[in-house]
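For the numbers below, each heavy atom of this structure counts, side chains included, while hydrogens, waters and symmetry mates do not. Counting convention: from 1, in listed order, for ligands and their atoms alike.
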Amino acid sequence: MSQQQWTAVDDYFSEVLIGPDEVLANALAAADEAGLPQINVAPNQGKLLQLLAVTQGARRILEIGTLGGYSTIWLGRALPADGSLVTLEIDPAHAKVAEANLERAGLAGQARVRVGRAVDTLARLAEEGAEPFDFVFVDADKPSNPVYFEWALRLTRPGALIVVDNVVRGGKVADADSTDAAVLGVRRMHELIAAEPRVTATSVQTVGVKGYDGFTLIRVEN
Ligand code: SAH
Ligand code: DHB
Ligand code: MG
């Protein structure tokens, strides 16, 4: 089994089930042009996020980690006309690319990028008394995942879904002796999830165009 094969299969699924999409292609091109790293979700993963958010009936979506707004566009497309999305990004250059991409995607009226360290912008959302979110996508700095999980729990309604990206990292998550800050963050988050009676969760490992990784799905119970 090789990366080449994983890519071929992802390409096949994306071609047969998604097809060409000028808005998404332009968003990735603009991100490349600006020198952003290619660590956006794959097309079929973006569509999974959209399907989950639609199934969830999400009206209010929170994303932690915007980059160029690629996953944001997928999530934004899940929103009903009166829905809204907040996406948090530390890097003003990334936020600028994302804002232009969201504008071109016709989502500027519904999706707002908030620039700053997510721990600060999350605290601000709470201070502002933000209406609870129905769906959260956590995809920023991995060492902070335990903190983001706690915030996501605090800012969501019962029945909400929290999705956390990149929880496998080439299999390193299974190494209990790891000193990698990202692995420690992901493992600590899983300990918090396990100890938290208000949530039910599972994690799934994946292969594809973005390599060997995986995601965690967390449902906030009543
Ligand atoms: N969700 C995007 C990819 C996000 S990559 C997609 O799939 O298209 C991770 C992003 O998180 C980067 O843009 C990075 O600048 C941002 N980030 C890293 N640390 C952060 C922090 N402390 N607060 C907010 N954003 C952060
Ligand atoms: C990295 C971050 C991501 O969100 C991702 O999907 C892949 C890689 C990273 O920081 O390396
Ligand atoms: Mg990611």
Does the side chain to side chain contact (heavy atoms under 4.5 Å, CB included) test come out yes or no for Phe149 and Glu196, once each step is laid out? CA-CA 11 Å; Phe149 166 67; Glu196 175 52 70; 4.3 Å; yes

Go through the structure and list residues passing salt bridge (Lys or Arg N to Asp or Glu O under 4.0 Å) with Asp175, not counting sequence neighbours. none

Which of these passes side chain to side chain donor-acceptor pair (under 3.5 Å) with Thr66: Asp139, Thr87, Asp91? Thr87

Distance in Å, Leu79 CG paired with Ile61 CD1, rounded so as to fall on 0.5 Å steps: 4.0 Å

With Arg114, which of Glu99, Glu89, Glu128 fulfils salt bridge (charged side-chain N to carboxylate O under 4.0 Å, His left out)? Glu128

Quick check: does any side chain N or O of Thr216 sit under 3.5 Å from a backbone N or O of Ser203, one acting as donor and the other as acceptor? no

Asp213 backbone or side-chain N/O/S under 2.8 Å from the Mg ion (ligand 3): no

Donor-acceptor pair, side chain of Gln110 and main chain of Leu85, under 3.5 angstrom: no

Using a strict cut-off of under 4.0 Å between a residue heavy atom and any atom of ligand 2, list the qualifying protein residues by chain and number. Ile39, Asp139, Lys142, Asp165, Asn166, Arg169

Assess whether a salt bridge exists between Arg124 and Glu127, defined as any Lys/Arg side-chain N lying under 4.0 Å from an Asp/Glu carboxylate O. no

Donor-acceptor check, side chain of Lys47 to backbone of Leu17, threshold 3.5 angstrom: yes or no? yes

Test of understanding: with salt bridge (Lys or Arg N to Asp or Glu O under 4.0 Å), list the residues that count as partners of Asp165, not counting sequence neighbours. none

How many angstroms lie between OG1 in Thr55 and CG in Leu161, if you round to the nearest 0.5 Å? 9.5 Å

What are the distances between nitrogen or oxygen atoms of ligand 1 and protein nitrogen or oxygen atoms, counting only those under 3.5 Å?
unit_1: ligand 1; atom_1: 1 (N); unit_2: Gly65; atom_2: O; d: 2.9
unit_1: ligand 1; atom_1: 1 (N); unit_2: Ser71; atom_2: OG; d: 2.8
unit_1: ligand 1; atom_1: 1 (N); unit_2: Asp139; atom_2: OD2; d: 2.8
unit_1: ligand 1; atom_1: 7 (O); unit_2: Val41; atom_2: N; d: 2.9
unit_1: ligand 1; atom_1: 7 (O); unit_2: Ser71; atom_2: OG; d: 3.2
unit_1: ligand 1; atom_1: 7 (O); unit_2: Asp139; atom_2: OD2; d: 3.4
unit_1: ligand 1; atom_1: 8 (O); unit_2: Ser71; atom_2: N; d: 3.2
unit_1: ligand 1; atom_1: 8 (O); unit_2: Ser71; atom_2: OG; d: 3.3
unit_1: ligand 1; atom_1: 13 (O); unit_2: Leu67; atom_2: N; d: 3.3
unit_1: ligand 1; atom_1: 13 (O); unit_2: Glu89; atom_2: OE1; d: 2.6
unit_1: ligand 1; atom_1: 13 (O); unit_2: Glu89; atom_2: OE2; d: 3.3
unit_1: ligand 1; atom_1: 13 (O); unit_2: His94; atom_2: ND1; d: 2.8
unit_1: ligand 1; atom_1: 15 (O); unit_2: Glu89; atom_2: OE2; d: 2.6
unit_1: ligand 1; atom_1: 15 (O); unit_2: His94; atom_2: ND1; d: 3.3
unit_1: ligand 1; atom_1: 19 (N); unit_2: Asp141; atom_2: OD1; d: 3.3
unit_1: ligand 1; atom_1: 22 (N); unit_2: Asp141; atom_2: OD1; d: 3.3
unit_1: ligand 1; atom_1: 22 (N); unit_2: Tyr148; atom_2: OH; d: 3.4
unit_1: ligand 1; atom_1: 23 (N); unit_2: Ala118; atom_2: N; d: 2.9
unit_1: ligand 1; atom_1: 25 (N); unit_2: Ile90; atom_2: N; d: 3.2

I'd like to know if the Mg ion (ligand 3) has an N/O/S atom from Asn166 within less than 2.8 Å of it, counting both backbone and side-chain atoms. yes

With the Mg ion (ligand 3) at the apex, how many degrees lie between OD1 of Asp139 and OD2 of Asp165, rounded to 10 degrees? 100°

